[in-house]
Amino acid sequence: MYAEEIASFLIVTGGFFVLLGSVALIRLPNIFARLHGPTKATTLGVGAIVIATTVAAYAQSGDISLKELAISLFLFITAPVSAHLIAKAAIAAKAAGRDGD
């Protein structure tokens with residue numbers, strides 16, 4: 001019973017952060033501000049949802065699935081790297097006089 005409550009709380013919390021990151025992507029003014037929303041809020045939201053699935057799977061079977069751990073690992077590694085590369089590309093484009101905003 002407690003696992004279901006924890007999982008549902010994490011899903012709602014994760015959904016809120018994913019929504020917040022998506023709204024930030026649309027509403028913020030420039031590429032650097034727009035980059036912040038999805039990389040921070042959406043990573044936190046998807047992380048909470050993955051933790052919720054881990055809690056639910058553990059409550060049902062008693063085992064921690066390696067799939068959820070792999071998803072978490074790849075998510076927390078790739079999101080900052082991709083944000084860094086997008087920011088470097090935006091800086092290079094701005095230096096070359098190609099402002100995309």
Side-chain angles (χ1 to χ4, degrees):
M1 171 104 169
Y2 292 117
E4 292 174 358
E5 292 174 1
I6 291 170
S8 62
F9 173 76
L10 286 170
I11 288 172
V12 170
T13 303
F16 171 75
F17 279 110
V18 168
L19 177 67
L20 188 66
S22 301
V23 169
L25 179 64
I26 295 169
R27 304 247 337 157
L28 292 175
N30 61 16
I31 185 69
F32 300 109
R34 272 187 247 132
L35 190 61
H36 184 73
T39 55
K40 304 298 185 267
T42 307
T43 302
L44 182 62
V46 173
I49 292 171
V50 169
I51 291 171
T53 60
T54 304
V55 168
Y58 181 74
Q60 286 184 347
S61 67
D63 293 332
I64 295 177
S65 174
L66 292 178
K67 292 177 188 175
E68 282 90 3
L69 293 176
I71 290 169
S72 302
L73 178 69
F74 292 134
L75 174 73
F76 290 117
I77 289 174
T78 58
V81 171
S82 63
H84 178 72
L85 292 175
I86 292 170
K88 284 182 75 169
I91 290 170
K94 193 171 225 172
R98 297 182 313 258
D99 191 16
D101 288 336

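Everything quoted here is computed from the prediction, not taken from an experiment. The chain is numbered in sequence order, starting from 1.
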List, one per line, each side-chain donor-acceptor pair under 3.5 Å for residues 8-21, sequence neighbours excluded.
residue: Ser8; atom: OG; partner: Glu4; partner atom: O; Å: 3.1
residue: Ser8; atom: OG; partner: Glu5; partner atom: O; Å: 2.9
residue: Thr13; atom: OG1; partner: Phe9; partner atom: O; Å: 2.8

Counting only pairs under 3.5 Å, give me each side-chain donor-acceptor contact of residues 46-54, with atom names and distances, residues two or more places apart or in other chains.
residue: Thr53; atom: OG1; partner: Val50; partner atom: O; Å: 2.7
residue: Thr54; atom: OG1; partner: Val50; partner atom: O; Å: 2.9

All N/O donor-acceptor pairs, side-chain side in residues 71-85, below 3.5 Å, sequence neighbours left out:
residue: Ser72; atom: OG; partner: Glu68; partner atom: O; Å: 3.0
residue: Thr78; atom: OG1; partner: Phe74; partner atom: O; Å: 2.7
residue: Ser82; atom: OG; partner: Thr78; partner atom: O; Å: 3.1
residue: Ser82; atom: OG; partner: Ala79; partner atom: O; Å: 3.0

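The side chain to side chain contact (heavy atoms under 4.5 Å, CB included) test applied to Ala33 returns Leu28, Pro29, Asn30, not counting sequence neighbours. Residues meeting the side chain to side chain contact (heavy atoms under 4.5 Å, CB included) test with Ala89, sequence neighbours left out: none.
With side-chain heavy atoms closer than 4.5 Å counting as contact, directly or through intermediates, the hydrophobic cluster containing Ile64 also holds Tyr58, Leu66, Leu69. Hydrophobic cluster membership for Leu25: none, as no Ile, Leu, Val, Met, Phe, Trp or Tyr side chain comes under 4.5 Å of it.
Listed for the Thr42 side chain is no donor-acceptor partner under 3.5 Å among the backbone atoms of Thr39.
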